[in-house]
Colleague: 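Can you read through this structure? Questions will come right after.
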Amino acid sequence: RVAAAATIEQRMKGLMFREKLGAGDGMLFVFDEPGYHAMWMKNTPLPLSVAFVDGAGAILNILDMEPHTLDQHAAAGPAVYAIETNKGWFAKRRIKAAEAEVSGRARREVQRHQRHDHPGVGLVDGVETVEEARGQDPHAHARPPPAIAFATRRTRPGGRGRPRPS
């Protein structure tokens with residue numbers, strides 16, 4: 001389960017003060033504008049990994065972060081999203097920057113909203129738009145949450161076809 005952080009207040013707090021984070025849990029940060037956003041670990045007792053994602057869904061870079069540090073962990077390019085989860089989550093799944101992108105239903109939602117000039121999409125907890133994430137409790141939605149999946153840019157054997165899911 002991933003929580004959305006779409007307001008400045010939600011992004012500032014992030015995963016601070018969390019003592020536990022489930023194996024598949026994390027937080028999706030939705031930024032107002034693309035930029036070289038950075039994270040730090042002030043008041044965060046858990047080691048985390050962060051993936052910065054551009055507007056097209058490509059992972060720009062993935063960084064590991066140690067608890068209670070003030071080091072800046074910045075996006076390698078203009079990021080629209082960041083996904084924080086337990087340290088090593090991306091490595092365990094062999095997800096690497098420039099080789100993976102957000103795919104599946106989450107990717108289609110991003111593309112659909114970009115076509116309609118929306119600034120971004122909350123990809124988790126049943127939140128479809130940033131506006132919904134800012135105005136409503138994401139857990140109040142009856143719809144099931146869209147999946148966040150990753151696909152490598154490597155193709156199937158023979159070099160043909162769509163990227164295979166990782």
Side-chain angles (χ1 to χ4, degrees), residues 1-107 109-110 119-127 130 132-134 136-139 145-154 163-166:
R1 170 162 243 150
V2 180
T7 67
I8 191 155
E9 294 82 15
Q10 292 168 334
R11 289 190 303 266
M12 285 175 64
K13 183 177 178 188
L15 294 173
M16 284 183 176
F17 309 108
R18 292 261 181 115
E19 295 292 329
K20 290 189 244 178
L21 192 61
D25 294 350
M27 182 166 280
L28 172 71
F29 293 79
V30 182
F31 301 112
D32 293 330
E33 296 180 10
Y36 290 83
H37 302 285
M39 305 290 193
W40 65 349
M41 296 290 286
K42 181 179 181 177
N43 299 321
T44 308
L46 303 169
L48 301 172
S49 291
V50 61
F52 291 97
V53 181
D54 69 13
I59 296 176
L60 300 168
N61 59 320
I62 299 170
L63 303 167
D64 289 333
M65 304 183 293
E66 296 302 321
H68 298 292
T69 60
L70 301 180
D71 300 338
Q72 296 290 311
H73 305 279
V80 179
Y81 310 102
I83 302 168
E84 281 186 346
T85 189
N86 289 301
K87 184 177 177 182
W89 188 92
F90 297 100
K92 182 177 180 180
R93 288 157 182 79
R94 296 185 180 128
I95 297 170
K96 298 178 183 177
E99 289 185 1
E101 58 188 33
V102 176
S103 65
R105 182 175 170 195
R107 171 82 171 171
E109 287 293 317
V110 169
V121 179
L123 303 176
V124 295
D125 287 341
V127 178
V130 171
E132 285 179 327
R134 289 186 178 137
Q136 299 176 1
D137 176 6
H139 301 290
I148 293 182
F150 296 92
T152 62
R153 290 196 179 153
R154 292 172 277 173
R164 61 180 176 210
S166 55

Colleague: Please report the shortest heavy-atom distance between Pro78 and Tyr36, naming the atom on each side.
Modeller: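 Closest pair (atom of Pro78, atom of Tyr36, distance): CD-OH, 3.7 Å.
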
Colleague: Enter the distance from Lys20:NZ to Arg18:CZ here, rounded to the nearest 0.5 Å.
Modeller: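 That separation rounds to 12.0 Å.
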
Colleague: Could you give the side-chain donor-acceptor pairs of residues 22-30 under 3.5 Å, partners two or more places apart or in another chain?
Modeller:
{"unit_1": "Asp25", "atom_1": "OD1", "unit_2": "Arg1", "atom_2": "N", "d": "2.9"}
{"unit_1": "Asp25", "atom_1": "OD2", "unit_2": "Gly22", "atom_2": "N", "d": "3.2"}

Colleague: Going by side chain to side chain contact (heavy atoms under 4.5 Å, CB included), name the residues that satisfy it together with Ala91, two or more places apart in sequence or in a different chain.
Modeller: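 Checked Ala91 against side chain to side chain contact (heavy atoms under 4.5 Å, CB included); zero matches.
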
Colleague: What is the distance from atom OH of Tyr81 to atom CG of Leu60, rounded to the nearest 0.5 Å?
Modeller: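 Those atoms lie 12.0 Å apart.
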
Colleague: For Ala82 and Met39, work out which heavy atoms get closest and say how close.
Modeller: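 The pair with the smallest heavy-atom distance is CB-CE, 3.4 Å.
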
Colleague: Report the distance from atom CH2 of Trp89 to atom CD1 of Ile62, rounding to the nearest 0.5 Å.
Modeller: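 Reported value, rounded in 0.5 Å steps: 9.0 Å.
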
Colleague: Rounded to the nearest 0.5 Å, what's the gap from CG on Leu63 to CG on Asp71? Could you check?
Modeller: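 It comes to 11.0 Å.
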
Colleague: Under the criterion side chain to side chain contact (heavy atoms under 4.5 Å, CB included), I'd like the reasoning laid out for Val80 against Asp54: C-alpha separation, chi angles, the key distance, then a yes or no.
Modeller: CA-CA 5 Å; Val80 179; Asp54 69 13; 5.6 Å; no

Colleague: Is any side-chain heavy atom of Phe31 closer than 4.5 Å to one of Arg11?
Modeller: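 The answer is yes, as the side chains (C-beta and beyond) meet within the 4.5 Å cut-off.
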
Colleague: More than 12 non-hydrogen atoms from neighbouring residues, nucleotides or ligands closer than 6.0 Å to CD on Glu33, yes or no?
Modeller: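 No, not enclosed.
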
Colleague: When rounded to the nearest 0.5 angstrom, what is the spacing between CD in Gln72 and CE in Met65?
Modeller: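 So the CD of Gln72 and the CE of Met65 are separated by 11.0 Å.
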
Colleague: Write down the atom of Gly35, the atom of Ala75, and the distance for their closest heavy-atom approach.
Modeller: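 Shortest heavy-atom separation between Gly35 and Ala75 comes out as O-CB, 4.3 Å.
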
Colleague: Sort and list the pairs that fulfil salt bridge (charged side-chain N to carboxylate O under 4.0 Å, His left out) and have at least one residue in residues 78-91, not counting sequence neighbours.
Modeller: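 As it turns out, the salt bridge (charged side-chain N to carboxylate O under 4.0 Å, His left out) pairs with a partner in residues 78-91, which skip direct neighbours, are Glu66-Lys87.
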
Colleague: Within this structure, what is the CG-OG1 distance for the pair Leu15 and Thr85, rounded to the nearest 0.5 Å?
Modeller: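 Answer rounded to 0.5 Å: 8.5 Å.
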
Colleague: When you measure from the side chain of Asn61 to the backbone N and O of Ala74, does any donor-acceptor pair fall under 3.5 Å?
Modeller: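 Yes, Asn61 side chain to Ala74 backbone: donor-acceptor pair under 3.5 Å.
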
Colleague: For residues 40-53, dump all side-chain donor-acceptor pairs below 3.5 Å to protein atoms at least two apart in sequence or in another chain.
Modeller:
{"unit_1": "Thr44", "atom_1": "OG1", "unit_2": "Lys42", "atom_2": "O", "d": "3.1"}
{"unit_1": "Ser49", "atom_1": "OG", "unit_2": "Asp64", "atom_2": "OD1", "d": "2.5"}
{"unit_1": "Ser49", "atom_1": "OG", "unit_2": "Gly88", "atom_2": "N", "d": "3.0"}

Colleague: With sequence neighbours excluded, what pairs up with His73 under the ring-ring contact (aromatic ring centres under 6.0 Å, His included) test?
Modeller: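 Listed in chain order: nothing, the list is empty.
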
